Amino acid sequence: MSNEVQRNGGDLVVETLSALGAKTVFGIPGQHALGLFDALSRSNLQFISSRVENNSAFAADGYSRATGEVGVLFLSTGPGALTSLAGLQEAYATGVPMVVIASQIPLDGLGARRKGMLHQLDDQKASAANVTKFQQTVHHASGIPSAIQDAWAQAVTVPMGPVWVEVPQDVLLAPVFVPPVHDALAEAYEHPPRVELIDEAVRWLSDAKRPVIVAGGGVRRAGAESELLQVAEKLNAPVLCTPGGNGAFPWEHELSLQSWVEDRYVTEVLEDADVLVVVGSSLGEVSSNYFTLTPRGHMIQIDAEPRVLESNTPALGIRADAKTALEFLVSKLNTTQLSSNPDWHGQSPAQLVTQTLGKVQNRLRGQGLDLEQKFMADIREVVPADMQTFWDMTIAAYWGWSCWDSRDGEFHSAQGAGGLGFGFPSAIGGSIGLQIKGASAAQARVLAVSGDGSSMYSIAELATAKQHNVPVTWLIVDDGGYGILREYMEGAFGKATATELTRPDFVALAQSFGVPARLVEADQIGEALRESFAGEGPNVIVVQTLLRMFAPTHLGE
């Protein structure tokens with residue numbers, strides 16, 4: 001009698017994911033998903049067990065951002081699936097490729113029948129439709145490999161994003177007799193730019209005297225940094241990176257306006273451009289300095305998501321992946337005679353950039369922000385040039401959007417959807433991904449930055465970090481409440497309501513998980529980080545200080 005384990009639908013899931021190149025899965029077990037997790041025991045996939053599904057989604061997101069690979073997430077039915085949605089909104093808004101495998105109630109309960117099954121929803125897939133780009137329910141085990149393969153292709157096709165495949169409990173548990181999945185192919189669909197649009201863009205640019213480029217997160221997702229640099233240098237055009245595009249262009253380049261998107265002096269440069277090229281950005285709320293940007297010249301907008309094109313400003317809209325479109329532009333510009341050297345009212349582009357950045361710094365110097373600027377500079381000084389950093393929605397991150405030079409590392413923040421709790425779990429996923437890609441534990445150390453309010457969203461993941469011994473240094477800046485909301489309310493109403501928080505002793509709490517932690521003064525942050533980076537596994541630094549934001553310029557002065 002054979003002792004061979006009978007394969008089931010869960011095996012088809014993990015076999016297909018493995019064949020597609022997955023190596024790691026994030027998630028939490030659940031009753032309807034047990035077939036998935038039993039199958040994991042017969043696979044080579046590594047499972048990272050989070051404590052809250054929303055944090056599992058953030059971890060899979062961080063894994064993808066850090067590695068450029070697809071993040072994979074396993075979810076249970078009903079409450080487990082729904083709890084993940086806020087994390088998936090960030091991935092969807094930012095264009096992060098993820099494959100979500102969610103369990104479902106048994107087939108007999110589908111169709112909004114009120115059978116009283118545990119975790120039953122009228123239409124679970126509909127709940128996911130607002131935060132994923134593709135959804136499918138699989139009704140037969142034989143359809144699992146094709147469904148996952150199709151979903152994976154959707155995830156990596158621009159605009160990239162999370163996709164959702166759900167499998168009922170009985171389909172996961174049903175015995176299957178189809179052979180094991182050894183080979184699966186999921187290729188992205190190509191979206192090259194239309195040639196006549198590129199030709200028109202080149203015609204505009206060949207006559208431009210004051211071209212400027214805005215580089216968004218789409219440039220980074222596409223890996224188009226080299227092509228962006230070639231286009232910028234060919235046009236001699238200043239480049240501004242959005243928060244999502246931070247790192248797409250060298251920070252210290254003579255054409256770099258860095259990431260000072262929330263500054264009127266920089267906004268004025270964009271408005272004065274006779275041709276503004278926006279690549280991989282919607283010019284949304286933050287990137288347009290809160291919709292105060294009103295370009296006076298022509299605008300060329302390149303984006304993989306057609307709904308982004310001209311969503312805020314009339315433009316020559318070119319639907320294409322940033323890398324492909326910039327490759328076309330480089331090729332065309334190299335064979336095009338540019339009509340004249342750029343002239344910014346008697347200044348060269350480099351002079352304009354230097355003058356503009358000087359105006360920005362002069363403005364900041366007049367606002368009494370020495371503590372904030374030194375705090376950010378001290379962090380930047382000790383963070384290794386190639387270290388990846390993950391920032392929650394907190395005042396330090398809002399500073400980082402504008403002032404952080406990511407150097408050879410990667411800057412990741414939750415600015416796509418803006419939900420709290422992203423920093424720490426995404427850093428856990430990122431560090432695990434770097435190790436999967438071959439980095440040592442020391443090389444895979446990452447930095448997460450949170451406020452006391454946002455850290456409470458993900459405090460349970462201290463258990464995850466400890467269980468998997470993840471080399472993450474978590475900096476918690478404790479100002480006693482929701483700091484940015486406090487500022488907003490005081491500015492708008494003269495007082496803040498419901499922004500002050502009772503919070504734990506973060507040091508004692510982290511230590512209770514077996515995670516080293518300490519409380520330091522703001523002026524000790526550099527040395528504390530340096531020592532923590534040399535540690536093993538997770539560690540926590542808490543700074544109790546009140547950081548303030550620089551004054552907004554979109555409200556007038």
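Nothing fancy with the numbering, it's 1 onward along the sequence. Predicted model, so just to flag it, every value in this text is computed and none were measured.
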pair [X]-[Y]: side-chain heavy atoms closer than 4.5 Å:
X: Glu372; Y: Met376; result: no
X: Leu475; Y: Val543; result: yes
X: Leu88; Y: Met98; result: yes
X: Trp404; Y: Thr389; result: yes
X: Leu352; Y: Pro238; result: yes
X: Trp251; Y: Ser259; result: yes
X: Val163; Y: Val100; result: no
X: Thr553; Y: Thr292; result: no

State whether a side-chain donor-acceptor pair under 3.5 Å links Gln135 with Thr132.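 On atom types as modelled, these side chains qualify, holding a pair under 3.5 Å.
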Under a plain distance cut-off of 3.5 Å, with no hydrogens placed, do Ser431 and Arg445 share a side-chain donor-acceptor pair?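 There is no such pair between these side chains.
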What's the verdict on salt bridge (charged side-chain N to carboxylate O under 4.0 Å, His left out) for Lys437 and Glu69, showing C-alpha distance, side-chain angles and the deciding distance? CA-CA 10 Å; Lys437 296 275 282 188; Glu69 297 185 355; 3.4 Å; yes
Let me know which of Phe424, Phe390, Trp391 forms a ring-ring contact (aromatic ring centres under 6.0 Å, His included) with Trp474.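 For Trp474, the ring-ring contact (aromatic ring centres under 6.0 Å, His included) check succeeds only for Phe424.
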Quick test of your reading of the model: are [X] and [Y] salt-bridged, counting only N-O distances below 4.0 Å?
X: Lys374; Y: Asp370; result: no
X: Glu271; Y: Arg264; result: yes
X: Arg380; Y: Asp405; result: no
X: Asp272; Y: Arg210; result: yes
X: Asp199; Y: Arg203; result: no

Quick check, are the ring centers of Trp260 and Tyr265 under 6.0 angstrom apart?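 Ring centres of Tyr265 and Trp260 not closer than 6.0 Å.
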May I have the step-by-step check of side chain to side chain donor-acceptor pair (under 3.5 Å) for Tyr398 and Glu262, ending in yes or no? CA-CA 10 Å; Tyr398 301 156; Glu262 295 182 61; over 6 Å; no
Point-to-point distance, once rounded to the nearest 0.5 Å, from OG1 of Thr336 to NZ of Lys234: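 So the OG1 of Thr336 and the NZ of Lys234 are separated by 7.5 Å.
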Enter the distance from Leu73:CG to Ser64:OG here, rounded to the nearest 0.5 Å.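 One finds 12.0 Å between CG of Leu73 and OG of Ser64.
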The test is side chain to side chain donor-acceptor pair (under 3.5 Å); show your working for Glu90 and Thr94 and say whether it passes. CA-CA 6 Å; Glu90 176 60 39; Thr94 311; 2.7 Å; yes
Arg365 atom CZ, neighbour heavy-atom count above 12 within 6.0 Å: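 Counting other residues, nucleotides and ligands, CZ of Arg365 exceeds 12 neighbours.
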Please give me the minimum heavy-atom distance between Val308 and Ser311, naming the atom from each residue.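 Heavy atoms of Val308 and Ser311 come nearest at O-OG, 2.8 Å.
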Which side-chain N or O atoms in residues 410-422 pair as donor and acceptor under 3.5 Å with protein atoms at least two apart or in another chain?
| residue | atom | partner | partner atom | Å |
| --- | --- | --- | --- | --- |
| Glu410 | OE1 | Arg220 | NE | 3.3 |
| Glu410 | OE1 | Arg220 | NH2 | 2.7 |
| His412 | NE2 | Gln388 | OE1 | 2.7 |
| Ser413 | OG | Trp401 | NE1 | 3.1 |
| Ser413 | OG | Gln415 | N | 3.4 |

Quick test of your reading: applying side-chain hydrogen bond (donor to acceptor under 3.5 Å, both in side chains), list the pairs with at least one residue in residues 485-494, sequence neighbours left out, ordered by first then second residue.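 Listed once each, the pairs are Arg486-Glu500.
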Assess the residue pair Thr267 and Asn289 against the criterion (side chain to side chain donor-acceptor pair (under 3.5 Å)); give the C-alpha distance rounded to whole Å, side-chain angles, the decisive distance to 0.1 Å, and a yes or no. CA-CA 7 Å; Thr267 305; Asn289 201 1; 3.0 Å; yes
